[in-house]
Asker: 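Right, I'll just put the structure down here and ask away after.
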Number of protein chains: 2
Amino acid sequence: MQVTLKELARRLNISPSTVSRALHDHPKIASTTKAAVLKLARELDFQPNPLALNLRMQRSKNIGVIVPKISYPFYASAISGIESVAIREGYNIIICQSEESYEREVANTKSLTTSRVDGVIVSLAGQTKDYGHFKDILQKKIPLIFFNRECEALDTPKVVIDNVEAAQKAVSTLIQSGCERIAILAGPQAIHISNQRIEGYYKALSSYDKQARHDLIFHCDYSEDSAYQNTLDMLKKSEIPDAIFAVSDRLAIAAIRALKAKGLNIPNDISVMGFNNDPVTTIVEPQLATVDQTPYLMGQKAAELFFYKLEKPDAPSQKVVMPVQIIKRASLRVLQKSPTN
Amino acid sequence: MQVTLKELARRLNISPSTVSRALHDHPKIASTTKAAVLKLARELDFQPNPLALNLRMQRSKNIGVIVPKISYPFYASAISGIESVAIREGYNIIICQSEESYEREVANTKSLTTSRVDGVIVSLAGQTKDYGHFKDILQKKIPLIFFNRECEALDTPKVVIDNVEAAQKAVSTLIQSGCERIAILAGPQAIHISNQRIEGYYKALSSYDKQARHDLIFHCDYSEDSAYQNTLDMLKKSEIPDAIFAVSDRLAIAAIRALKAKGLNIPNDISVMGFNNDPVTTIVEPQLATVDQTPYLMGQKAAELFFYKLEKPDAPSQKVVMPVQIIKRASLRVLQKSPTN
DNA sequence: TTGTAAGCGTTATCAA
DNA sequence: TTGATAACGCTTACAA
């Protein structure tokens, strides 16, 4: 059994309140009693009971975290980031996986609120289109933070990347390496993040005075099978693309598989660019160029936004936009500089 | 603000204890009052305050989980497994990463015990050789469960695979496909799990009346660089191996990289077998044969062992041994059946 | 069948 | 500078 504050008081023949004050070095406490308390506390290895503390303080010191899937490397890193700052502040995190399902996400928010978390950090499930469960959280005055996949309609702190700009950079990189017909392998039509990346794709093309071609835009359902199929479809065109920009590394790798199956050389026949900088990008052959999103830092930032909100509940909600970095790898063709230029 | 049990009592003009009993359908409660309580509780969406409950019951309903790294796919799956049964029992899990460091593992156990978890589920850090911090946990009567990487010296419930048998199966598979000179790419000398796999390697060889050759045993420090170097060393021999059994997929992939760099064909010149069934095994070329360990099921089982221990603290500790499965893939040569046999 | 009171371990308020 | 008391929200003897 752990030693309690009461027990310290009993042994020292003083009242629990005095012990409590000594432990928190309250201004009006005799230095002698304070010393005595601290000494005994150390001797007996006193640890305040967090359960009692939590009840008293009406908080749990837990942060709920809802992500689509912790086995996605992006989220594994983001969680580490969140955890690192939570631990530092004496908080624990409770991780829930929505598995991209709206129903599970709703269930997760319910379970987190009944377990009285002090805040919730979320990256939206792919299927979520209704935000009632998040409004409930806000209404209960529980700080709610989004990261990566956010809900634009809700006024909460959030940390995201500029998906438009990131995609624009990625596609510009392809253009600069000499690609002319760049296809985009996007997600489902309704996915915000995917649409933003399509927008960036358009922007890149137009900034180089290129005409966007609607027949080079492919929507898959985020499954590898469908990415594979869409890639095969691309290759049926009379003039096949000379580059593919996929909105995630997983999709890009499925595309690579399809390209290889058709005997195409990457990057000589076709360049490929992914998104996320997943560890597999260095395993696949050729190594996959991609967009790095610093998920660990995003997680840290999200946690920091939570603590800021906790401290200043009425401060306006910040939207933090993280920089991204293009990672050039062997899946990208190298521009042959023409000697005349 | 959430409605409390007291509030229900006040509104119904009965005592809190009666409300509490009604909610728990205590035998001696008038069915009318019970109905009334339940009705109001539903109307006001009463949720018992877990903080109060925890203090009263002297438990946190949290399970601490310490793993080397959640971004290892094996642990990501294992955690999902643990979580799935924890949630079902109304428990939350608090995840800590030791990052393979002994010091961090000690710090993790400290932080978990001061936050008063009801149990701890651990897979040992690579560097851990002293188990004092775990003895402290046991002494505090906190259930302690090991999974995957266990501590043999401690009498606790555990869920593991039979590493000797798994390695024996893996190496037998190589032998059956016609490999003669099988090298093993093992971890550091002190790692229990790695040594067990070496033992299985010996057993497989001797069961086929083959002589084990010490010059085919390579110890790397678990880093990819060192796996790469060790593989290059193998190739300096007068007679190079015709198969490599690596004790993890990560090491196997580093080996593949080295083999390719030296212009060797896999599996024609040399077969490769990994361990873990990491998702990258299907990305690397050729796809990597490996040993599947069902980490999700291991996690579930570990959590179940925890709840069993919680219920029956004095029951003898179970050791659950999970079956493994050899996954054959293209990195394995196919045996040319000689027509005379 | 129900109510009263004590207690889980802490802190905050008030009084001394 | 310290102590007594109440309170956080719940359960559980014990009493009625």
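Within every chain, numbering begins at 1; the chains are lettered A, B, ... in the order of the sequence lines, protein sequences first and strands thereafter. All of these numbers come straight from a predicted model, not from anything done at the bench.
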Asker: Do nucleotides 8-16 of chain D as a string where each nucleotide becomes B, S or -: B if the base has a protein heavy atom under 4.0 Å, S if just the sugar-phosphate does, - if no protein is that close.
Answerer: BBBBBB---
Asker: Could you go through B:D25 and B:K34, starting from their C-alpha distance and side-chain angles, then the distance that decides it, and tell me whether this counts as salt bridge (charged side-chain N to carboxylate O under 4.0 Å, His left out)?
Answerer: CA-CA 8 Å; B:D25 50 29; B:K34 184 174 143 188; 3.8 Å; yes
Asker: Under 3.5 Å, side chain of B:D118 to main-chain N/O of B:S60, donor-acceptor pair present?
Answerer: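 Such a contact is found between B:D118 side chain and B:S60 backbone.
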Asker: Please work out if B:I14 contacts a base, only the sugar-phosphate, or nothing of the nucleic acid, heavy-atom cut-off 4.0 Å.
Answerer: sugar-phosphate
Asker: Looking at B:K141 and B:I137, would you say the former's side chain and the latter's main chain have a donor-acceptor pair under 3.5 Å?
Answerer: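 Side chain of B:K141 to backbone of B:I137: no pair is present.
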Asker: List the steps, then state whether salt bridge (charged side-chain N to carboxylate O under 4.0 Å, His left out) holds for A:E100 with A:K69.
Answerer: CA-CA 8 Å; A:E100 305 286 10; A:K69 227 173 165 52; over 6 Å; no
Asker: Could you give the NE2-to-P distance, from A:H26 to C:dA12, as a whole number of Å?
Answerer: 10 Å
Asker: Test of understanding: with ring pair (Phe, Tyr, Trp, His ring centres under 6.0 Å), list the residues that count as partners of B:F74, not counting sequence neighbours.
Answerer: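 Not a single residue meets the ring pair (Phe, Tyr, Trp, His ring centres under 6.0 Å) criterion with B:F74.
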Asker: Grab the CG-P distance between A:D25 and D:dT2 for me, whole Å please.
Answerer: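 Going from CG in A:D25 over to P in D:dT2 covers 14 Å.
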